[in-house]
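Note on naming: letters A, B, ... go to the chains in the order of the sequence lines (proteins, then strands), and numbering restarts at 1 for each one.
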2 protein chains.
Amino acid sequence: MIPLRMIRRIVSSVTLKEETRCRTSNKLSRALSSSQIHHGSRNPRSPPLVSLDLVDEWSSSFTHSDSRPIQKCTNNGSARIIDGRSAAEEIKSSIAIEVSRMKDSIGKVPGLAVILVGQRRDSLAYVRNKIMACHEVGFRFSIAELPESCTEEEVCDALSNYNKDASIHGILVQLPLPQHFDEGKILNVLSLEKDVDGFHPLNIGNLAIQGREPLFIPCTAKGCIELLLRSDVEIAGKRAVVIGRSNIVGLPTFLLLQRHHATVSIVHAYTENPEIVAREADILVAAAGVPNLVRGSWLKPGAVVLDVGINPIEDPESEHGYRLIGDVCIEEAVRIASAVTPVPGGVGPMTVAMLLLNTLEAAKRALRLT
Amino acid sequence: MIPLRMIRRIVSSVTLKEETRCRTSNKLSRALSSSQIHHGSRNPRSPPLVSLDLVDEWSSSFTHSDSRPIQKCTNNGSARIIDGRSAAEEIKSSIAIEVSRMKDSIGKVPGLAVILVGQRRDSLAYVRNKIMACHEVGFRFSIAELPESCTEEEVCDALSNYNKDASIHGILVQLPLPQHFDEGKILNVLSLEKDVDGFHPLNIGNLAIQGREPLFIPCTAKGCIELLLRSDVEIAGKRAVVIGRSNIVGLPTFLLLQRHHATVSIVHAYTENPEIVAREADILVAAAGVPNLVRGSWLKPGAVVLDVGINPIEDPESEHGYRLIGDVCIEEAVRIASAVTPVPGGVGPMTVAMLLLNTLEAAKRALRLT
């Protein structure tokens with residue numbers, strides 16, 4: 001059941017990516033960040049062995065590394081456009097068939113629950129997409145909506161209830177939580193078997209360690225690799241560069257590419273000469289949440305480019321006054337890359353499809369159908 | 001108490017690094033490996049999203065990438081030699097003082113336990129080093145020696161006993177276990193609070209995820225970073241390349257360098273043109289277990305080179321008929337790098353010192369002295 005007040009609230013048509021949301025909270029920490037570390041030669045002495053976290057603030061030296069204006073491509077370029085939307089539709093169709101069979105045979109369907117704290121517009125949009133996707137494939141969907149003023153205990157209680165609910169096989173806490181919450185502490189409450197986002201440290205550890213298998217692979221990383229595999233892109237032995245090292249996209253994408261035997265590098269806000277590193281990539285994954293960060297000059301000719309960023313930018317000609325663009329300057333990329341994912345319609349729909357797939361897997365495991 | 005039979009058995013003076021031991025088991029899997037994947041352009045189609053493990057078999061195309069004979073340096077080169085032995089001694093002295101104070105004030109000392117299955121010569125040598133180090137700093141040391149023919153249950157029982165033993169604060173299972181053991185299953189039994197090797201997936205996950213802190217940082221990785229910090233090597237923003245991606249060295253070293261804000265790449269046995277990747281490194285960590293893999297041509301002038309490999313090679317002129325060399329061709333490296341760690345006497349002693357440090361931390365945590 002979708003609460004009516006939920007549907008009323010979800011009015012925005014903006015579909016922002018997780019990375020973009022992180023950027024907002026980054027801004028809040030700008031003072032901290034800039035006092036701790038600077039880009040390039042002004043790097044401080046290395047910090048000690050613990051408590052090393054710094055906010056990845058992409059400085060203007062990155063975003064203006066190429067000051068030439070972006071030129072629209074007159075011949076549409078030569079790069080193949082990797083259609084994430086149709087791949088996601090295909091996956092969802094298979095899931096729907098499996099759900100239908102499951103319902104017929106045992107009278108049960110996979111169930112996904114979301115815990116939503118507060119009313120961030122982007123979070124509401126994400127949740128709306130998840131609700132719609134669940135309906136499409138025949139999943140049960142449940143949501144616990146809590147006000148921003150709620151306590152950690154209330155969030156943990158809602159989590160515990162879903163942990164115990166046998167009709168719910170996957171649970172996710174819509175991130176980011178309001179600033180005053182201890183995200184790690186709350187995620188620790190989540191049952192490992194229902195962690196369909198795959199963000200639990202045990203899942204991440206098992207993804208990192210050769211010889212172990214995580215219960216769930218984080219959805220965006222899984223979506224990226226799935227797109228590469230479906231596009232017949234060879235991964236093993238190739239150089240891959242992931243731009244951005246967020247816990248939810250950059251890190252798991254690195255780990256998954258590495259498990260597919262790519263030679264992987266991570267570029268982050270403190271990387272010196274990021275464009276030089278990026279240009280080494282046969283496979284480039286851009287997940288920094290910075291619009292048009294990756295210019296044509298950042299690309300190796302023939303590279304395969306996956307654009308995870310979804311950034312709203314002003315556009316008076318668009319219906320809503322803005323449009324969505326990625327981290328990759330698509331106009332330039334199509335002339336240099338061999339294949340690129342569009343924004344929207346690339347990695348985004350795959351992320352949702354992978355969430356459904358993880359939830360289906362969780363249900364099959366719980367119902368002993370595997 | 002060190003069992004007498006233990007001392008009698010430990011006769012070898014060879015101090016092999018963990019990586020080297022992995023190599024031996026790699027050889028056992030050669031048939032599997034070569035049937036699955038080949039280096040370079042013969043890479044297979046990317047495998048699916050799960051069960052991606054391949055054995056890292058460093059092919060001859062790597063080891064013979066530079067066919068020129070190694071020339072001994074006549075002027076000893078210009079690179080600074082990073083003295084891991086004296087750094088380790090310094091750390092051990094501080095630990096000994098703290099242990100002595102602990103004993104005086106509460107009558108307790110940190111305790112380390114090792115579970116040793118079988119009688120691999122290298123494992124025995126490692127254990128001997130650990131015993132000696134424990135004695136040096138005043139730790140209690142206990143060992144459970146099990147025959148190679150023992151069952152998984154017997155190993156788990158030994159582990160459980162140490163888990164419950166309040167005088168033991170750190171436990172490690174000497175790896176590798178004999179082939180028929182499920183290493184992951186056994187390590188899962190180990191109490192997280194006593195996992196001083198830091199190999200538990202929850203520890204690795206917490207090392208990987210920004211904003212979380214692992215209880216323990218794996219010893220070799222920690223030793224490498226400690227050496228860099230003590231040598232005033234700037235890490236943040238610099239390019240680091242880790243050669244080798246083992247769970248015990250390569251992976252945690254990557255993760256720790258990344259948390260120190262280096263731009264890190266991992267080179268492994270399926271990397272195309274590894275010398276080109278290696279040459280990008282301001283900081284190079286060689287942990288492949290292949291003698292002289294890293295030739296001078298693999299180094300960027302001025303790079304800082306940490307050599308984790310400890311490989312025995314035949315040498316009729318040496319007392320035992322062999323000597324130990326690293327993964328880095330030191331004769332060539334000293335002329336190109338700005339600083340290098342020697343083998344032996346570099347990273348090796350630091351690994352043991354970090355194990356003691358982790359055990360001290362574990363004891364202080366358990367005894368609520370932090």
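Scanning both residues, B:I266 and A:T263, for their nearest heavy atoms gives O-CG2, 3.2 Å. Taking both residues in full, the closest heavy atoms of A:S265 and B:R239 are given as OG-NH2, 4.3 Å, listed atom of the first, atom of the second, then distance. Between B:H268 and A:Q258, the shortest heavy-atom contact is CD2-OE1, 4.2 Å.
The candidate with the highest count of non-hydrogen atom pairs below 4.5 Å against chain A, out of B:P201, B:A262, B:G205, is B:P201. Of the residues considered (A:N206, A:N203, A:V264), A:V264 shows the highest number of contacts with chain B, using heavy-atom pairs under 4.5 Å.
Residue A:A240 does not touch chain B at all, counting heavy-atom pairs closer than 4.5 Å. Heavy atoms closer than 4.5 Å to chain B are found nowhere in A:V241, neither backbone nor side chain.
Of the possible donor and acceptor atoms, none in the side chain of B:Q210 sits under 3.5 Å from a partner among the backbone N and O of A:L251. Side chain of B:N247 to main chain of A:I209: no donor-acceptor pair is present (N/O by atom type, distance under 3.5 Å, no hydrogens or angles).
Atom CG in A:L202 sits 11.5 Å away from atom CD1 in B:I204 (nearest 0.5 Å).
B:N188 is listed as a side-chain neighbour of A:R212, based on a closest heavy-atom distance under 4.5 Å. Using a 4.5 Å cut-off on side-chain heavy atoms (C-beta onward), B:R259 and A:R245 make no contact.
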